[in-house]
K.L.:
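Dropping a structure here in structure tokens format, bear with me for questions.
Only heavy atoms go into these numbers, but all of them, side chains included; no hydrogens, no water, no symmetry mates. Throughout, numbering of the chain's residues begins at 1 and tracks the sequence.
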Amino acid sequence: MINSTTTTTEIQSLTTTEVSALTVTEISSLVSTQIQAFTSTQIPSFLDTQMPWFSVTQLKAFTITQIPSFESTDINALTQTQLQALTSNQIQALSTDQVAALTTTQITALTTAQIAKLEITDLAVLADTQVEAFSTNQVVALTTAQIQALTTTQIEALSTTQVAALSTAQIAKLETTDLAAFADTQIETLSKLQLAALTTTQIQALTTSQIEALNTTQISALSTAQIANLETTDLAVFSDTQIQALSKLQMTALTATQIQALTTTQIEALSTTQIAALNTTQIANLETTDLAAFSDTQIQAITTAQTIALTTTQVEALSTTQIAALTTAQVAKLEVTDLAVLADTQIEALSTTQIAALTPNQVAALTTTQIEALSTTQVATLTSAQIAKLETTDLAVFADTQIEALSATQILALTTAQVVALTTTQIEVLSTTQVAALTAAQIAKLETTDLAVLADTQIGALSKLQVAALTTTQIQALTTTQIQVLSSTQIQALTTAQVASLETTDLAKFADTQIQALTTSQIGALTTTQIGSLSTTQVAALTTAQIAKLETTSLALLVDTQVEALSTTQVAALTSNQVQALTTTQIEVLSTTQVAA
């Protein structure tokens, strides 16, 4: 009979049969030293029916070398209270077979401290049912090393409640192969904090199916580093709602490669706020097919900095509808190299407001083909500053209708170099209003070939200031027909230098009213050759004031027929000096009536 007085030597002398025959009274009487005396050979002899007889204190007395000697069935027979009494060292001493034999009820009974002491080799042998038996507190108690030791099968066995209980530290320690084994329902369970705890390596390990399972709240929880590490194949499966869940910061985190990987459907789903959040590098990396998918509101959401970042290829790919949707601020920020690649149809799509928004430098950069594509309405919209920046080669390709569309204010804005560049055909189509708008400086720069094609109505539209601005070379270039249409007011506007430069053939075409319009200063400026070229009709038309201003040298050159043409009133208007200057030949041809005057 074993009792508390039995020596340890006597204990160790017990046969395995005797050990298995110990009664509840005998086992209950064992003290710690006696318990620790059982050998590794004797320990397995305990029956599973005897195990519940050990008190909590007695169980704690078993050493860590004795614990592994128990049969799995013995450990399996322990009550919840007994199991919870095992020390951390005893828990660690359990063999893999013993751990594997634990019932789900026993698993549930383990304390959090005991859970944390389970060796990773023991943890790895737990069946799915045992893993499923873990309470949320037990799950939380698992160390990061234990988390890493879990097999993919065990990971798959975790319930959504257990997954939700994982700490951020535990989440961060999940192996990528284990994380990849998560079912969609497990992924959907992850909180914002858990999602945010995933490493970039883990993010890259997520499957496309798992990515698709993420809800908008989870998407918005991803850090910029996580976003930047999403694989392009994963990003490509983002639904419209997932794309729209991305914040401005998350949008800026997308790499150029990721931007290029976005589908046209995803691009179409981007909000104006998201569009505006893209940095210039991202904008420049948008594929033309994606940019072509931009709606009008998305186009208008592009910032001025983003507009500058657009490549020539991207600008070239914009549809006419998208071109028409550009804001004036965006139009003004288009780089000249980008503007230069716009097709005729794109240029034609620009509204008058957009045309007016072009900077003078942008206008200067337009190609001759683009200039030719401008409608008369667009031409009429150009500001004075824009007109002044048109290159002479561009202005030269203006069609007649485009020239006719220019307002008086626009004509006034033309530089003298631009006026010189106008073709004779363009000069011919200028309206009288446009001609009248030319400045004195512009008039003075008209080429003689251009001046020569001015119609009578155009000549008639010239103001006194404009007439006075004509150079002597231009005066000489006027045709006799043009000379004939000059009004009395225009004649009087001629400077003495201009009058002196008139060709005799042109002066000969002066009508009586034109002759009479000449001022006394202009008469005085006539050369002897010009005086000599006057017809008798023109001489007869001279006023008495004009006669009185004829130079004596000029008067002396009048031929007989011209002298004979003088009226008695004209003769009477001659000064004494002029009379004295008459030659004897001229005196001889005077009629008695003239002499009497």
K.L.:
Looking at Glu335 and Ile308, what are the two nearest heavy atoms and their distance?
P.N.:
OE1-O, 3.3 Å
K.L.:
Donor-acceptor pair, Gln194 side chain versus Leu166 backbone, under 3.5 Å?
P.N.:
yes
K.L.:
Judged by atom type as modelled, is there a donor-acceptor pair below 3.5 Å linking the side chain of Gln306 to the main-chain atoms of Leu278?
P.N.:
yes
K.L.:
Supply the atom-to-atom distance Gln410 CD to Leu390 CG, rounded to the nearest 0.5 angstrom.
P.N.:
9.5 Å
K.L.:
Output all residues satisfying side chain to side chain contact (heavy atoms under 4.5 Å, CB included) with Glu268, sequence neighbours left out; order by chain, then residue number.
P.N.:
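Glu268 satisfies side chain to side chain contact (heavy atoms under 4.5 Å, CB included) with Ala293 once adjacent residues are dropped.
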K.L.:
Output the distance between atom CG (Leu310) and atom OG1 (Thr280), rounded to the nearest 0.5 Å.
P.N.:
10.5 Å
K.L.:
Let's go through Leu126 and Leu123 carefully: what are the C-alpha distance in whole Å and the side-chain angles of both, what is the deciding distance for side-chain contact (heavy atoms from CB on, under 4.5 Å) to 0.1 Å, and is it a yes or a no?
P.N.:
CA-CA 6 Å; Leu126 290 177; Leu123 199 63; 3.5 Å; yes
K.L.:
Is Gln402 reaching over with its side chain to a backbone N or O of Leu374, donor-acceptor style, under 3.5 angstrom?
P.N.:
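Such a contact is found between Gln402 side chain and Leu374 backbone.
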K.L.:
Quick check: do Ile243 and Asp240 have side-chain heavy atoms less than 4.5 Å from each other?
P.N.:
no
K.L.:
Is it the case that the side chain of Gln298 and the backbone of Ile267 share a donor-acceptor pair, with hydrogens and angles ignored and the cut-off at 3.5 Å?
P.N.:
yes
K.L.:
Can you tell if the side chain of Phe182 reaches within under 4.5 Å of the side chain of Val163, non-hydrogen atoms only?
P.N.:
yes
K.L.:
Quick one: OG on Ser487 to CG on Leu462, what's the gap to the nearest 0.5 Å?
P.N.:
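With rounding to 0.5 Å, OG (Ser487) is 9.5 Å from CG (Leu462).
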K.L.:
Any side-chain heavy atom of Leu326 within less than 4.5 Å of one from Gln300?
P.N.:
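Sidechains of Gln300 and Leu326: no contact.
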K.L.:
If you round to the nearest 0.5 Å, how far is CG of Leu430 from CD of Gln458?
P.N.:
6.0 Å
K.L.:
Report the residues that fulfil side-chain hydrogen bond (donor to acceptor under 3.5 Å, both in side chains) with Thr307, sequence neighbours left out, ordered by chain and then residue number.
P.N.:
none
K.L.:
Considering non-hydrogen atoms only, spot the tightest contact between Gln258 and Ile227 and give its length.
P.N.:
NE2-O, 2.8 Å
K.L.:
Are any of the side-chain heavy atoms of Phe294 and Ile302 separated by less than 4.5 Å?
P.N.:
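Yes, their side chains come closer than 4.5 Å.
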K.L.:
What closest approach, in Å, do Ile187 and Ala213 show between heavy atoms, and which atom pair accounts for it?
P.N.:
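Heavy atoms only, the tightest pair is CG2-CB, 4.3 Å.
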K.L.:
Short question: side chain of Asp338, backbone of Thr312 - any donor-acceptor pair under 3.5 Å?
P.N.:
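Here the side-chain-to-backbone pair exists.
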K.L.:
Do Thr392 and Thr415 come close enough that some side-chain heavy atom pair is under 4.5 Å?
P.N.:
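No; the side chains remain at least 4.5 Å from each other.
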K.L.:
Could you tell me whether a side-chain N or O of Glu447 sits under 3.5 Å from a main-chain N or O of Val419, the two making a donor and an acceptor?
P.N.:
no
K.L.:
Any side-chain heavy-atom pair from Leu451 and Leu470 closer than 4.5 angstrom?
P.N.:
yes
K.L.:
Measure across Asn361 and Val336 and return the closest heavy-atom pair with its distance rounded to 0.1 Å.
P.N.:
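Looks like O-CG1, 3.8 Å.
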K.L.:
Report all side-chain donor-acceptor pairs from residues 283-291 shorter than 3.5 Å, counting only partners two or more places apart or in another chain.
P.N.:
{"residue": "Asn285", "atom": "OD1", "partner": "Gln260", "partner atom": "NE2", "Å": "3.4"}
{"residue": "Asn285", "atom": "ND2", "partner": "Thr281", "partner atom": "O", "Å": "2.7"}

K.L.:
With the side chain counted from C-beta on, respond yes when Leu110 and Phe134 share a heavy-atom pair under 4.5 Å apart, and no when they do not.
P.N.:
no
K.L.:
Restricting to non-hydrogen atoms, name the atom on Ile107 and the atom on Ala133 that form the minimum distance, rounded to 0.1 Å.
P.N.:
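Reported closest heavy-atom pair: CG2-CB, 4.0 Å.
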K.L.:
Going from CG on Leu249 to OG on Ser223, what distance comes out if it is rounded to the nearest 0.5 angstrom?
P.N.:
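Leu249 CG to Ser223 OG: 11.0 Å, rounded to 0.5 Å.
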K.L.:
Considering residues at least two apart in sequence or located in another chain, which fulfil the side-chain hydrogen bond (donor to acceptor under 3.5 Å, both in side chains) criterion with Gln114?
P.N.:
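Only Thr111 meet the side-chain hydrogen bond (donor to acceptor under 3.5 Å, both in side chains) criterion with Gln114.
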K.L.:
Between Gln130 and Ala100 (side chain of the first, backbone of the second, donor and acceptor by atom type, cut-off under 3.5 Å), is there such a pair?
P.N.:
yes
K.L.:
Please check this pair: side chain of Gln434 against backbone of Ile411, looking for a donor-acceptor N/O pair closer than 3.5 Å.
P.N.:
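Not confirmed, Gln434 side chain does not pair with Ile411 backbone.
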K.L.:
So, using side-chain hydrogen bond (donor to acceptor under 3.5 Å, both in side chains) as the criterion, who are the partners of Thr439 when residues are at least two apart?
P.N.:
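Listed in chain order: Gln442.
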K.L.:
Would you check if the side chain of Gln498 reaches a backbone N or O of Gln474 as a donor-acceptor pair within less than 3.5 Å?
P.N.:
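Looks like no, no N/O pair under 3.5 Å.
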K.L.:
Please name the pair of heavy atoms, one in Ala116 and one in Ala141, separated by the smallest distance, quoted to 0.1 Å.
P.N.:
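Closest heavy-atom pair between Ala116 and Ala141: CB-O, 3.5 Å.
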K.L.:
Among Thr352, Leu406, Leu358, Ile355, find the residue that satisfies the side-chain contact (heavy atoms from CB on, under 4.5 Å) test when tested with Leu382.
P.N.:
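The residue from Thr352, Leu406, Leu358, Ile355 that satisfies side-chain contact (heavy atoms from CB on, under 4.5 Å) with Leu382 turns out to be Ile355.
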K.L.:
Taking side-chain hydrogen bond (donor to acceptor under 3.5 Å, both in side chains) as the definition, give me every residue that meets it alongside Ser209, ordered by chain and number, with sequence neighbours left out.
P.N.:
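Applying side-chain hydrogen bond (donor to acceptor under 3.5 Å, both in side chains) to Ser209 gives Asp184.
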K.L.:
Return yes if some donor-acceptor pair links the side-chain N/O of Gln426 with the main-chain N/O of Leu395 below 3.5 Å, else return no.
P.N.:
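Present.
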K.L.:
So Ile299 and Leu318, do their side chains get closer than 4.5 Å, heavy atoms only?
P.N.:
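Yes, side chains in contact.
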K.L.:
Working to the nearest 0.5 angstrom, can you tell me the gap between Thr208 OG1 and Asp234 CG?
P.N.:
6.0 Å
